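Here is the structure we will look at.
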Amino acid sequence: MYTEKYNGQYRKYVNFIKRYRAASNAATGSEVDSNANVENKNIATCSGELCKREKIGCNRLLMMDKITEMFNPELAEEYIRQLESHELYKHDETSIYPYCVSITMYPFLFSGLKGLGGMAAAPKNLDSFCGSFINMVFAVAAQFAGAVSTPEFLMYMDYFIRKDYGDDYTERWDETVTAPGVLRQRTMKDLVHDKFQQIVYSINQPAAARDFQSVFWNIAYFDQPYFHGMFDNFVFPDDSEPCWETLSFLQKDFMKWFNAERLKEILTFPVETVNLLNDGHEYVDKEWADFAAEMYAEGHSFFTYTSDSVDSLASCCRLRNEMQDNSFSYTLGAGGVSTGSKGVMTININRLVQNAVRDGADISERVREQVEKVHKYLLAYNAIVEDSFNSGLLGVYNAGYISLDKQYLTIGINGFVEGAEFLGIDISPNDRYFEYGKMILEPIYAANRAAKTDSIMFNTEFVPAENLGVKNAKWDAEAGYVVPRPCYNSYFYKVEDATCNLLDKFVLHGKLMTQYLDGGSALHANLDEHLTKEQYQKIMEVAVQTGCPYFTFNVPNTICNDCGYISKHKLDRCPKCGSENLDYATRIIGYLKRVSRFSEARQEEAAKRFYDDGQIKV
Amino acid sequence: MMGRLKFDGYDIVMQEVPGEISLALNITGCPHHCPGCHSPYMWEDRGEFVADKLPELLERYKGMITCVCFMGGDQNDQDLAHMCGYIKTTDPMIKLAIYIGAPTVRAISGSFPFFDYIKIGPYIAERGGLDSPTTNQRMYKKQPDGHWEDITSAFQRSYK
C-alpha cells in the first residue's frame, strides 16, 4: 500500500537521481536548464535539479492566475499553449527570482550588509570593504536567477585604497607598505593584488545557496568620458569625490592582473566590459581604446561596448541600458549604473516564420501579434514581481540596490538566422538579409517604445540562449519544422560558416541590425590565433565604422589535463609536459569555460564553430 | 601571353600579412604546380576575372582593410600592375602584398614597385611553409627607406 503511494508520487524523482548520477557532466545531467556556470556534478547540483519541474509548474500557475486577473482566461490558456508548443520560452522558469541586475552599491556604503539581512556594518576601510563586498555579491545573487553586475566595484575599491593609503597610492606602487617587523613584507602592489585575489577567487567559488552555481558576476571599466558621464557629482559619505586618475590606473592594473591570473586558473568571473565612447568616427579616449587593443593582443578576453553617447552602458553580460536617469542621488548613488531585466521571454523566430509562410500570413504582422501577446505576458509577470516586492520578499530592492522601474521586461529572440535560411535568404551582408532583419526586429522595437510608461520599460535582446538554442532546434525538429542545425545561432551569422569572414561579422552585427536591439546582442569574433595590437586597433575602428556596439574576441585557451598548464593559445601539445591530453576553454556565449564542461549538445556546436584562421593554402 | 588573372574566392585574413587586415584574393591558374600543393585546384583556369570584381570588393571593405594580398598572379605581371595601380588610386593608404611560388621576383618586375610585402619560394613539402623553421620560403617587407627586410621569422612564433 505504501509502496504504491510512494511509487506513484515520488518514483520520478528517484529515476531522475539515477539518470543524473549516470550523466557525463553537470550540464548534460541537467534536464531543464543546463547553465554554463554549473561546473560540478555533485550532490548540491543534483539537489538543485531535483524539483525544477515542480517550480516550472508553480510559476506557470502563478502566471495563469495573473493573466486571468489582468486580462482574460483565454489569454492564460494561450500563454501555456505557446510555451508548451515552444513558440515561446520563458527564461529561468525554474526559479521564482527576478532575472538579472546591475546594482548601485551606494546603500552598501551606508549600511553595509544590514539592509540585506547581514550583520556587517558599513565598510570603513579596504579590508572591511573587500570582505563585505564578497558577501554582498553573494547576498544579492541569492535573490536573482541570472547575472549580478557591480559596475562600481573598482571605483569603490579605489576610494577605500585612497582612504587607507592616500591619494598618491599609485605613485608609491612599488614601495613597501607593511609595518617594520612584519614577516611578510608587502608593497602597495602586492597588497592590492592580494585583495584582487581574495575577491575574485571567493566569488568564483560555487555557492551552496545557489545549487552550487557560481555567481554570474560582471564588472565594468569606464573610459574617461564614461567616467564623467556616470560619476560627475557623485560623492562618497565623507564628501570626497571619485578620482579618475587613480581609478584609471586601478582599472588597468586589475585587467592586467586578471589576464595573468587566468594562466593559473580558468577563472570564469568577473565577465568584464570596457565601455568606450566614440564620436561616430573614432574613439574619444584614445588612451583607453589603445589599452583595450593592447589587452586583446596580450590574450585577454573581455567585452568592449562602444556607443556615441554616454547615456547608454553595457553593464551585464550583454544587456544594454539606455539610461533613463544619469544623475546622482544621495539615496541611490549613481543613477546610470542601475539596470537589469526583471524577466525574459523569447520568441522562436524560426517557428514564427515557418508558421507564417505555412498560413500565407505576413511575417511582420505575425511578429506584431506575437509581441502584443508577449507584452501582456510580461506585464503579468511584472505584476507578480511587484506582488513579491509589496510583500517585502525582494530584499535587494527594499534595501535600495535596485528599483523595479529601472529594470526592463525583456523580449528575447532565438532562431533568427534559421528563419532567414528557411526563406532562402543568404546569411551574409546583403540587402535581402537586412530587409529580413528589419521585418522581424523593427515591429518589436516599435511596439516596445510605444508601450513604455513611467514604470514599465520593454527591450529586445538577441539572447545568448546557451541551452535554449539546443532545445528550440530539438523541439522544432520533433514538430516537423525545417531545422538547419542542432543548435540555433546566438549571432547574426552562422557559427559554422567559413565564408563569413571577420569583417562581414562586424557588418552583420552593425547598426543595420542592432539598431533595433535596444536590449543588446554580442559579437563573439572567434579567432584561431591572437592578432597584433595594431590589428585589434583597426578591428576596433571597424566596430565604430559598422556601428557594432558590443563585441569580444575569442581565441581558445589550452589547458593541459595532465600538468595543469594553461596557454592563451590553441595548441595541439602541452608546451610544458608534452601531453596531448588537452582541454580547451572558450566562451559558451558569455562565459569562459572548459569545453568538456559544456553540455553535450553545446559541445557539438562548439566543435563546429568556425574560427577565422585565415589559412589560405597556395 | 597568359590570359587576364582570375580568382576563385577571397577571404579576410589576419595571419598571412603580419600586422595587416588583408583582403586575400585566391588567384587561379597557378603555373608553379609544387608537389604536395595544398590546393591543386588553384592550378586550373577557373573563377571570375579579378579586375571585374575588384571595385565591388574594395567598396565593400572600404575603410576596414589595410592591405590587399594577391595569392599568386605572377603569371600575368601586366594585369597585376594594372590592378595594383587601380587599388592605389582608389586608396593610396592601402598596402599591397603578393604570395608567389617563384624563387625570385623576376616575373613581376612591372608590378614590383607597388608591393609592400612579397612572399617568394615554391612550396617544398619536406621544408614546410612559412611557419616552419626549415622553410625555403621568404616573406619580405619594404621598409620606409626602400630596402626589403626579411620578416619570415614573424611566422615562426612558437606559442606557449
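Please read these numbers as outputs of a predicted model, since none were measured by experiment. Lettering follows sequence order; numbering is per chain, from 1.
Of the two parts of A/I539, the backbone and the side chain both hold a non-hydrogen atom closer than 4.5 Å to a non-hydrogen atom of chain B. Contacts of A/T532 with chain B are made by side-chain atoms alone, with heavy-atom separations under 4.5 Å and no backbone atom involved. For A/Y565, the part sitting under 4.5 Å from any heavy atom of chain B is the side chain, from C-beta outward, and nothing else. Residue contact with chain B, scored on non-hydrogen atoms closer than 4.5 Å, is absent for A/T558.
No more than 12 heavy atoms of other residues, nucleotides or ligands shown are found within 6.0 angstrom of NE2 on B/H82. Remark: A/H281 NE2 is loosely packed, at most 12 non-hydrogen atoms of other residues, nucleotides or ligands lying under 6.0 Å away. Shown here is A/D431, whose CG atom has no more than 12 heavy atoms of other residues, nucleotides or ligands within 6.0 Å. Shown here is B/K142, whose NZ atom has more than 12 heavy atoms of other residues, nucleotides or ligands within 6.0 Å. No more than 12 heavy atoms of other residues, nucleotides or ligands sit less than 6.0 Å from atom NZ of A/K438. Within a 6.0 Å sphere centred on NZ of B/K62, other residues, nucleotides and ligands contribute 12 heavy atoms or fewer.
Between A/N501 and B/Y61, the closest side-chain pair of non-hydrogen atoms falls below 4.5 Å.
The distance from the CE atom of B/M14 to the CG atom of A/L527 is 6.0 Å, given to the nearest 0.5 Å. Note: A/F506 CZ to B/I12 CD1 = 12.5 Å, rounded to the nearest 0.5 Å. Remark: A/L503 CG to B/R60 CZ distance equals 10.5 Å, nearest 0.5 Å. The distance from atom OG1 of A/T499 to atom CG of B/D11, rounded to the nearest 0.5 Å, is 8.5 Å. A distance of 10.5 Å separates CD1 in B/I21 from CD in A/E534, rounded to the nearest 0.5 Å.
Partners of A/D279 by salt bridge (Lys or Arg N to Asp or Glu O under 4.0 Å), not counting sequence neighbours: none found.
When the candidates A/K568, A/H530, A/Q545, A/K576 are compared by the number of heavy-atom contacts under 4.5 Å with chain B, A/Q545 comes out ahead.
A pairwise comparison of heavy atoms in B/V17 and A/Q535 identifies O-NE2, 4.2 Å as the closest pair. The nearest pair of heavy atoms linking B/M64 to A/K538 is O-CE, 3.6 Å.
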